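This report refers to the structure that appears directly beneath it.
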Amino acid sequence: MTRLSNYLLPTEKEAPADAEAVSHRLMVRAGLVRQLGAGMWTYLPAGWRVHRRVEQIIREEMDAIGCHEMLMPVLQPAELWRTSGRYAIEELFKLQDRRGAEMVLAMSHEEALTFHMAREVRSYRDLPLMLYHFQVKERDEPRPRAGILRTREFIMKDAYSFDRDEESLAISYDAQTRAYDRIFDRSGLEWYSVESDVGMMGGFGAHEYMAPCAAGENDVALSGAGYAANVEVAAATPQPVVGMPGPLESPEAVETPGAQTIAEVTGQLGVPAGALIKALPILVADEEPLLVLVRGDHRLNEIKLANALGRPVRAAGEDELERLFRAPAGFIGPVGSHVPVLADEALKGQTGMVAGANDPERHLRGVEPGRDFEPRWADVRTVEAGDTCPAGAEIRIEPAIEVANIFKLGTRYSEPLGATYLDEGGNEQLVWMGSYGIGPARIAAAAVEQFADGQGISWPRAIAPFDIELVTLGKEGEEARQVADRLYEELAAEGAEVLYDDRDINPGGKFADAELLGCPLRLTVGKRGIESGEAEVQIRRGQRKSALALDGAAKAAVELWRGLP
RNA sequence: CGGGGCGUGGCGCAGCCUGGUAGCGCACCUGCUUUGGGAGCAGGGCGUCGCUGGUUCAAAUCCAGUCGCCCCGACCA
C-alpha cells in the first residue's frame with residue numbers, strides 16, 4: 001500500500017538553479033531523484049519504480065530471445081583490462097586494494113564475460129550463447145551533465161552474444177535488434193535506430209537507438225525517405241553552390257592581403273563561401289601531416305576522416321604547422337603542398353575554386369582539384385540540414401538521446417582474452433562476439449523530455465511510477481476519505497499500482513503534485529462527486545477530465561488506463 | 001583540456017562594490033479559520049555565510065589558497 005502520507009516523495013515548487021535540462025528539472029522537482037555529487041544520483045522510491053519498470057520490460061524481451069540473466073562484479077582486476085588493451089582509457093576508474101593490488105571499476109563487462117567464456121566454452125556445441133546482466137557502470141566522465149542523462153555511475157543492461165562465426169553472429173545480432181525494437185515500442189518512447197560509428201577499436205557494424213529530444217547530446221540526420229544516421233557517420237549529397245565563378249585555364253594569383261578566414265576571403269573576392277577550398281592541417285596518428293580539403297561552406301567530420309584513414313586524427317598545432325606543413329596558418333593551400341592532400345568528395349569535379357596560395361598576401365583562383373593537384377578522395381564532411389539523402393529526400397538534423405546501442409564486436413575481445421572453441425574438424429577458432437547495451441535511466445529521462453508539459457511529467461503508462469494516482473479530498477473520518485479508501489482497495493484488486501494521496505493538504509496542492517509526478521491517470525474523490533455518485537478521472541496527457549460512476553469505478557478506470565499510450 | 005559562472009536555513013534569492021555581529025519568498029512547526037486548483041491570520045523553529053589562512057578593534061563583505069557544483073566547447077571504446 002502506497003499512501004502519500006507515509007511515502008518519500010519530496011516535491012519542490014522550484015527546480016535547483018543549476019538544472020537546465022527539462023528532465024533534470026522535473027525529475028528533481030517531482031521527487032524522483034536527488035544529487036549526491038557531480039554525476040552521482042540517488043533514486044528515491046518513485047524514481048526507482050520507474051527504473052525498475054524499464055528494467056522489467058528489457059528483462060522480459062531479453063528472456064524472450066533466449067538471452068539469459070546473470071551478474072558480474074564491478075570491481076575487477078586491472079590485469080584483465082591490460083590484457084584487453086583497455087587499461088589506458090582515461091574514463092576507467094583505477095584503484096588499489098590494501099595490499100597494493102591494482103584494480104579497476106568496470107565501465108562495461110566485455111572483459112569479464114569474455115574471460116569466463118574463454119574458460120567455459122570449449123566446443124562448437126557450446127555455441128551460440130547470449131547472456132546479459134543489469135549492473136552498475138563506473139565512468140570517470142570529463143563532464144557529467146543534465147541530471148541523470150550523463151552520470152559517472154549508472155546502471156546498464158549489457159548483453160553479449162557468443163557465436164561460432166560471422167554468419168551466426170549476424171543471426172544473434174538480428175535477434176537482439178528485434179528485441180530492442182520491441183523494448184522501445186513497449187516503453188512508449190518516440191524512437192528510431194540509426195547507423196552509428198563503430199569506433200577506432202574495431203567492430204564492423206553498429207546501430208544506436210535514439211530518442212529525439214531537446215536535451216539530446218547527439219545530432220541525427222533524418223530524411224522523409226527513411227534515412228537515419230548519426231551525423232558522426234551520415235553521408236549525403238551536398239547542396240549546390242550558387243554564384244560559382246567560372247573556370248580558368250590555370251590557377252591565377254590574386255592579392256588578398258591579410259585575408260585569413262573564409263569570411264575575409266569571400267568579402268575581398270566577392271565569391272560565395274562554397275567557392276573556397278578550406279584546407280585543414282591534420283596530424284594522422286599524431287605524426288604524419290595530411291592536408292584535408294573541404295568546401296569553404298562545409299565542416300570537416302573528424303570521425304569520418306579517422307574511419308576513412310583507419311587511424312586516429314587530430315588538428316595540427318600552430319608549431320606543427322610551420323614545422324611539418326611549411327606553411328603559414330590561415331593561408332595554407334593544396335597547390336604545391338609539401339604534404340599529402342586528401343579532398344572531400346564534394347570538391348570532385350569542381351572548377352573555378354579559390355584556394356590558399358601558401359602566401360599571406362594572396363590566394364589562387366580558378367583552381368581545379370585533379371588538374372592543379374592530385375588528392376586522395378574521401379567523404380569526410382559533416383552532413384548539413386538541407387542536403388539530400390541517398391534516396392533523394394531532404395535531410396533534417398535533430399538532437400536525440402542515445403538510449404541504447406548494439407555492436408558487432410567480432411573477435412575484438414575473444415582474441416586478446418583467448419576465447420576459442422574447437423570446430424567440427426577439431427580446429428581452434430575464435431569466438432565471434434556482439435555487445436548490446438541499454439541505459440534504463442536514459443529511457444526514463446527521454447520519456448520525461450518527450451512528454452513533459454507546463455504542469456510537469458506525463459509518463460507513458462508502461463514506465464510510470466504508478467498506474468493511477470488516487471486523490472481524496474476528504475480528511476480522516478469524512479465520507480470522501482472512506483469512499484477513497486474503498487476505491488483504493490478495489491483498484492488494487494484490479495491489479496493497478498496506485499499512489500494514494502491521503503495527505504491533509506489543500507486540493508490545489510494535491511492536483512499540482514499529481515500533475516508534476518505525471519501518472520497516466522488521476523482519480524479524484526471529493527464531496528461534490530460523492531453527492532452525484534461519481535469520481536472524477538483525469539487523463540494526464542492532454543488533461544482531459546470526465547466522470548466515472550463510483551459503482552464500478554475501479555474496473556472502469558483500469559479499462560481506461562489500458563487504452564492509454 | 002580550454003572558456004565562463006556560482007557556493008548565504010530544505011529550495012529560490014538579496015546583502016558583498018562602500019567591513020560593524022545576517023535578511024526576504026516558498027517550505028517547515030503550533031493554534032484557529034479554510035477545504036475541487038499550490039488558502040488566510042497569529043505565533044515559532046532552523047544559518048560554523050563551502051573550507052583554510054591572512055589583513056583588521058571588527059570579515060558573509062577585503063586578500064591569498066583550496067574544495068565543491070553548474071554551463072559552453074573539446075572528449076565520450
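Every value quoted in this text rests on a predicted model; they were computed, and no experiment measured them.
- The side chain of A:A38 sits closest to B:C70 out of B:G73, B:C70, B:G36.
- When each of B:A77, B:G37, B:A74 is scored by its nearest atom to the side-chain atoms of A:Y413, the top-ranked nucleotide is B:A77.
- Out of B:U34, B:G37, B:C75, the shortest distance to the side chain of A:K475 is found at B:U34.
- Not a single donor-acceptor contact under 3.5 angstrom links the side-chain atoms of A:R29 to the base of B:G10.
- Salt-bridge formation is not detected for the pair A:D453/A:R541: no Lys NZ or Arg NE/NH1/NH2 atom is positioned less than 4.0 Å from an Asp or Glu carboxylate oxygen.
- Aromatic rings of A:Y209 and A:Y180 (six-membered ring for Trp) have centroids within the 6.0 Å cut-off, being under it.
- Within the shown strands, nothing qualifies as a pairing partner of B:G38 under the Watson-Crick or G-U definition with both distances less than 3.5 Å.
- The backbone N or O of A:Y436 sits less than 3.5 Å from a side-chain atom of A:K157, completing a donor-acceptor pair.
- Taking each heavy atom of A:E12 and A:L516 in turn, the nearest pair found is O-CD2, 4.1 Å.
- In the set B:U34, B:C11, B:C70, B:C11 carries the atom at the smallest distance from any side-chain atom of A:E12.
- With hydrogens and angles left out, the side-chain atoms of A:H298 and A:D344 include no donor and acceptor closer than 3.5 Å.
- Comparing A:A15 and A:I303 by the nucleotide of RNA chain B whose heavy atom lies nearest to each, the residue mapping closer to the 5' end is A:A15.
- Closest to the side chain of A:P16, from the set B:G37, B:C11, B:G36, is B:C11.
- The shortest distance between the side-chain N/O atoms of A:R412 and the OP1/OP2 oxygens of B:A77 is not below 4.0 Å.
- At B:A77, none of the side-chain N or O atoms of A:R139 fall inside 4.0 Å of OP1 or OP2 (strictly under the cut-off).
- OP1 or OP2 of B:A39 sits under 4.0 Å from a side-chain N or O of A:N506.
- For A:E91, the side-chain atoms get nearest to B:C75 when compared with the rest of B:C75, B:C70, B:C71.
- We find that A:R540 and A:E515 are not joined by a salt bridge, their nearest charged nitrogen and carboxylate oxygen being 4.0 Å or further apart.
- At a cut-off of 3.5 angstrom, counting only N and O atoms as typed in the model, there is no donor on one side facing an acceptor on the other between the side-chain of A:Q455 and the base of B:G38.
- Base pairing of B:G10: its partner is B:C26, meeting the Watson-Crick or G-U wobble criterion (both donor-acceptor distances under 3.5 Å).
- The side chain of A:P507 sits closest to B:U35 out of B:U35, B:C75, B:G38.
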What does the B/S/- profile of nucleotides 25-32 of chain B look like, 5' to 3', with a 4.0 Å heavy-atom cutoff to protein? BSS-----
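- When each of A:I89 and A:I530 is assigned the nucleotide of RNA chain B bearing its nearest heavy atom, the one mapping closer to the 5' terminus is A:I530.
- The side chain of A:P142 lies closest to B:C75 when the candidates are B:G38, B:G37, B:C75.
- No side-chain N or O of A:Y488 forms a donor-acceptor pair with one of A:D502 less than 3.5 Å apart.
- Judged by a 6.0 Å distance limit and a 45° cone about the ring axis, A:R49 is positioned over the six-membered ring of A:F466.
- Contact of A:K527 with B:U35 (side chain to base): no donor-acceptor pair of N or O atoms is detected under 3.5 Å.
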